[in-house]
Amino acid sequence: MQTLTKAERLRSRKTISLLFEKGKAISIHPVKMVWMQTANKEGVILQFGVTVPKKNFKRAVDRNRLKRQMREAMRKNKLQLKNFLEEKNKPCALLLVFTGKEAVPYKEIEDKIIVILQRFISGFSN
RNA sequence: AUAAUAAACUGUUCUGUCGUUCUCCUGCUUUGGCGGGAGAGAGGAAAGUCCGGGCAGCACAGAGCGCCAUACUUCCUAACGGGAAGUCUUCCGCAGAAAUGCGGGGGAAGAAAGUGCCACAGAAAAUAACUACCCUUGUUUACAGGGGCAAAGGUGAAAACGCGAGGUAAAAGCUCACGGUUCCUGCAGGUGACUGCAGGAAAGGGUAAACCUUAUGGGCUGAAAGGUCAAAUAAGUUCCGGAAUAAGCGGCUCGUUUAAUCCGUCAACUGACGGAGCGGAACGGGUAGACCGAAUGAUGCUGCAAGCAAUUGCAGUACAAGAUAAAUGACAGAAAUCUUCCGUCAACUGACGGGGGAUACAGAACCCGGCUUACAGGUUUGUUGUGAAC
RNA sequence: GAUUCCGUAGCUCAGCCGGUAGAGCAUCACACUUUUAAUGUGGGGGUCCUGGGUUCGAAUCCCAGCGGGAUCA
């Protein structure tokens with residue numbers, strides 16, 4: 001299912017600030033992913049959020065568009081990750097940060113996110 | 001016809017797949033959710049946060065001082081530093097010999113209440129006097145002292161009303177004619193700023209986006225305001241109730257008096273049903289949280305009327321986003337508009353076919369009224385240039 | 001969402017109640033030295049963020065914009 005429900009979004013301010021403090025990062029230009037394990041309170045195996053710094057993109061329109069594209073790429077490609085995490089029973093929180101200075105086409109964002117997820121899965125096993 | 005420029009209006013459409021927020025209907029369920037269907041889902045500037053309000057909390061006897069903002073007139077408005085219509089003045093463009101007219105931009109309380117400042121140059125930058133001119137004293141030319149004057153010279157952004165005549169030792173609004181400026185008075189027009197005419201007075205550089213004076217307005221803070229709840233409660237859902245409710249009085253588990261609402265449908269003079277609201281019971285989530293504030297309003301649209309207009313009144317009609325690490329999207333295809341290239345027809349402009357490119361500025365964050373700024377393409381109007389025809 | 005400050009030489013900053021824009025470091029040339037560094041002497045380098053306005057005159061005063069920073073749970 002390529003859905004994206006409210007429970008799958010990372011909404012807690014506390015978790016987000018914790019992620020920036022203690023989370024581990026995987027970076028492939030122009031996207032950086034911060035992740036950490038969480039306690040499985042709500043029965044959700046995976047929570048993620050997206051963010052674009054205001055410093056690099058002044059216009060709200062540009063930021064919103066990049067966030068939508070990243071969210072869309074995640075929505076399409078998260079199924080494999082979800083199954084993997086369910087096998088291990090290790091709930092995780094992810095945060096995707098767009099670190100590039102200029103906007104890139106959607107295709108590139110999607111490819112890079114797929115690479116990041118694969119690296120995350122292979123790195124998590126070890 | 002075309003190009004430039006200014007203003008106003010407008011702000012691309014459709015289909016497919018997957019997905020998202022809210023509302024309604026519905027199925028399953030461990031009551032937490034999961035699935036299906038339908039509907040609604042960014043702007044003219046949502047932006048900048050430059051003004052003005054609503055709203056909320058706090059403060060508050062009255063007056064004064066201080067601080068901030070505004071400043072021609074009349075009107076509009078909830079209010080405004082906004083808007084409309086005007087007055088005077090100045091600058092730019094065009095027409096014209098000029099007067100003046102048309103279009104556009106700026107300015108206008110007070111410099112005649114007081115204080116300050118005006119570099120360099122210049123005698124002097126605001127109680128003027130260097131050269132020069134005139135009178136006079138020292139024996140005479142020269143030179144020096146005293147006095148008069150402000151016409152001529154040069155400096156400067158700016159030099160003490162302009163010009164002519166009279167006048168004088170030499171001069172000077174010192175006097176007079178003409179002209180200009182400011183103020184006062186009267187008359188006429190206008191709601192008014194102001195304009196015209198007549199009379200009188202005065203000589204006074206600039207600067208208030210220097211201090212300031214006058215008038216008017218402003219209590220302070222800002223939704224991160226503020227409120228309810230938070231380890232068993234709030235919101236919500238389901239079921240039940242019909243005076244269970246509210247206020248006052250009486251020491252008060254109760255009694256008594258008064259009041260007992262609003263909306264919709266059906267019936268018909270007083271009821272029934274449903275909902276809001278009220279009471280009770282059960283269930284009931286998260287934890288930097290939930291809910292209220294918070295989506296019916298100075299609201300939009302249409303028509304009529306008043307007004308030059310901004311705007312206002314009346315009637316009808318509509319309900320039109322509500323997110324919160326923050327929804328309204330991603331991808332693909334087609335159409336439309338603009339532009340460019342090639343080919344054909346045709347003949348200097350277009351038609352047809354094909355290929356390429358572009359479709360802006362920009363994302364609600366409590367809500368309104370303005371202002372400012374950004375903006376592809378299109379439409380309309382004004383001005384100017386060029387070309388053609390008459 | 002709200003409040004507030006700043007923008008001047010390549011860099012860090014003065015100058016900000018108006019009158020020709022400066023300092024330190026850097027850079028260039030010369031001297032000193034066998035050479036380099038250090039030192040000394042001299043020089044160059046500025047749309048004072050942009051546009052408009054007030055004024056005789058604006059980096060400075062006023063208005064609008066652009067860019068950057070800080071604070072408020």
Side-chain angles (χ1 to χ4, degrees):
Chain A
M1 276 291 127
Q2 294 185 338
T3 58
L4 182 66
T5 60
K6 217 167 182 175
E8 280 182 313
R9 286 185 220 160
L10 188 57
R11 302 178 73 192
S12 162
R13 247 164 215 283
K14 201 173 177 180
T15 316
I16 290 165
S17 44
L18 210 63
L19 262 175
F20 278 118
E21 277 178 40
K22 301 187 176 171
K24 301 175 181 175
I26 298 173
S27 181
I28 294 178
H29 189 81
V31 181
K32 175 171 141 184
M33 187 176 81
V34 185
W35 66 278
M36 64 181 287
Q37 288 190 34
T38 54
N40 189 1
K41 279 180 192 162
E42 304 157 51
V44 182
I45 199 76
L46 173 69
Q47 279 192 313
F48 76 93
V50 295
T51 189
V52 179
K54 201 173 188 176
K55 193 163 184 171
N56 295 344
F57 296 93
K58 291 288 169 200
R59 310 276 173 216
V61 172
D62 304 331
R63 289 200 303 275
N64 281 345
R65 184 176 168 82
L66 282 168
K67 277 151 78 178
R68 281 167 183 157
Q69 287 174 335
M70 287 200 286
R71 206 180 292 131
E72 182 77 7
M74 203 59 191
R75 180 177 72 77
K76 284 184 177 170
N77 299 293
K78 70 179 181 180
L79 202 60
Q80 190 193 357
L81 176 68
K82 215 172 163 184
N83 293 336
F84 172 79
L85 287 174
E86 267 173 8
E87 271 178 36
K88 300 266 184 184
N89 196 19
K90 290 274 177 71
C92 269
L94 311 179
L95 194 67
L96 295 168
V97 184
F98 193 90
T99 52
K101 303 271 189 203
E102 287 176 4
V104 296
Y106 168 74
K107 194 71 184 166
E108 195 178 332
I109 292 176
E110 190 171 4
D111 291 346
K112 291 293 165 59
I113 284 178
I114 289 170
V115 173
I116 286 178
L117 291 180
Q118 280 170 356
R119 188 180 292 184
F120 171 71
I121 288 169
S122 59
F124 200 87
S125 312
N126 300 332

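- Rounded to whole Å, atom P of B:rA46 lies 19 Å from atom CZ of A:Arg63.
- In this entry B:rA310 has no Watson-Crick or G-U wobble partner, no candidate having both defining distances under 3.5 Å.
- Closest-nucleotide positions on RNA chain B for A:Leu95 and A:Lys107 were compared, and the one nearer the 5' end corresponds to A:Leu95.
- Annotation: salt bridge (charged side-chain N to carboxylate O under 4.0 Å, His left out) contacts of A:Lys112 (sequence neighbours excluded): A:Glu108.
- Pair assignment for B:rA142 gives none, since no Watson-Crick or G-U wobble pairing has each distance under 3.5 Å.
- Across the P atoms, B:rU73 and B:rC88 are found 15 Å apart, a figure rounded to whole Å.
- Using P as the reference atom, B:rA113 and B:rG206 are 13 Å apart when rounded to the nearest Å.
- Using Watson-Crick or G-U wobble geometry with both donor-acceptor distances under 3.5 Å, B:rA1 finds its partner in B:rU386.
- In this structure B:rA201 sits in a base pair with B:rU182, meeting the Watson-Crick or G-U test at under 3.5 Å.
- Rounded to a whole angstrom, the distance from the C1' atom of C:rA58 to that of C:rU20 is 13 Å.
- Anti is the conformation of B:rA224, whose glycosidic angle sits further than 90° from 0.
- Base orientation for B:rA42: syn, the chi torsion being within 90° of 0.
- The distance from atom CG of A:Asp111 to atom OH of A:Tyr106, rounded to the nearest 0.5 Å, is 9.5 Å.
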Could you pull out the protein-nucleic contacts involving nucleotides 327-329 of chain B (nitrogen or oxygen on both sides, under 3.5 Å)?
{"unit_1": "B:rU328", "atom_1": "OP2", "unit_2": "A:Arg68", "atom_2": "NE", "d": "2.8"}
{"unit_1": "B:rU328", "atom_1": "OP2", "unit_2": "A:Arg68", "atom_2": "NH2", "d": "3.4"}
{"unit_1": "B:rG329", "atom_1": "N2", "unit_2": "A:Glu72", "atom_2": "OE2", "d": "3.3"}

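- Under the Watson-Crick or G-U wobble criterion, with both distances below 3.5 Å, B:rA119 is left unpaired in every strand shown.
- Regarding A:Leu66, its CG atom lies at a distance of 16 Å from the C1' atom of B:rA326, rounded to whole Å.
- Between A:Tyr106 atom OH and B:rC18 atom P there is a gap of 15 Å when expressed in whole angstrom units.
- The separation of B:rA306 from B:rA310, taken at their P atoms, amounts to 15 Å, rounded to a whole angstrom.
- Nucleotide B:rU359 forms a Watson-Crick or G-U wobble pair with B:rA336, both donor-acceptor distances falling under 3.5 Å.
- Linking Ile, Leu, Val, Met, Phe, Trp and Tyr whenever their side-chain heavy atoms come within less than 4.5 Å leaves A:Phe48 and A:Ile114 in two separate clusters.
- Among residues two or more places apart in sequence or in another chain, the ring pair (Phe, Tyr, Trp, His ring centres under 6.0 Å) test is passed with A:Phe98 by A:Phe57.
- Taking the side chain as every heavy atom from C-beta outward, A:Ile109 and A:Glu72 never approach each other to under 4.5 Å.
- B:rA84 and B:rU299 have their C1' atoms separated by 24 Å, given to the nearest Å.
- Here B:rC331 presents its C1' atom at 14 Å from CG of A:Asp111, a figure rounded to the nearest Å.
- For the pair A:Arg59 CZ and C:rG67 P, the interatomic distance rounds to 6 Å; values are reported in whole Å.
- When the C1' atom is used for both B:rU372 and C:rC63, the distance is 11 Å, rounded to whole Å.
- With P as the reference atom, B:rG284 and B:rA232 are 14 Å apart, rounded to whole Å.
- Classified by its glycosidic torsion, B:rG173 falls in the syn category, the angle being within 90° of 0.
- Partners of A:Glu110 under the salt bridge (charged side-chain N to carboxylate O under 4.0 Å, His left out) rule, at least two apart in sequence or in another chain, do not exist in this structure.
- For the pair A:Leu96 CG and B:rA325 P, the interatomic distance rounds to 16 Å; values are reported in whole Å.
- When the P atom of B:rU20 is taken as reference, atom CZ of A:Phe48 falls 11 Å away, rounded to whole Å.
- Taking A:Arg59 as the reference, A:Asp62 meet the side-chain contact (heavy atoms from CB on, under 4.5 Å) condition, with sequence neighbours excluded.
- Between the CD1 atom of A:Ile116 and the CG atom of A:Asn77 there is a distance of 11.5 Å, given to the nearest 0.5 Å.
- Proximity of A:Met74 to A:Val50: side-chain heavy atoms (C-beta onward) are nowhere separated by under 4.5 Å.
- Across all strands shown, C:rC63 is found opposite C:rG51 as a Watson-Crick or G-U wobble partner, with both distances under 3.5 Å.
- Because its glycosidic torsion is more than 90° from 0, B:rG275 is reported here as anti.
- Taking the P atom of each, B:rC194 and B:rG369 are spaced 37 Å apart, rounded to whole Å.
- The glycosidic torsion of B:rG44 lies within 90° of 0, placing the base in the syn range.
- Atom CG of A:Asp62 and atom C1' of B:rA360 are 14 Å apart (whole Å).
- Shown here, B:rU17 forms a base pair with B:rA330; the pair counts as Watson-Crick or G-U wobble because both key distances fall under 3.5 Å.
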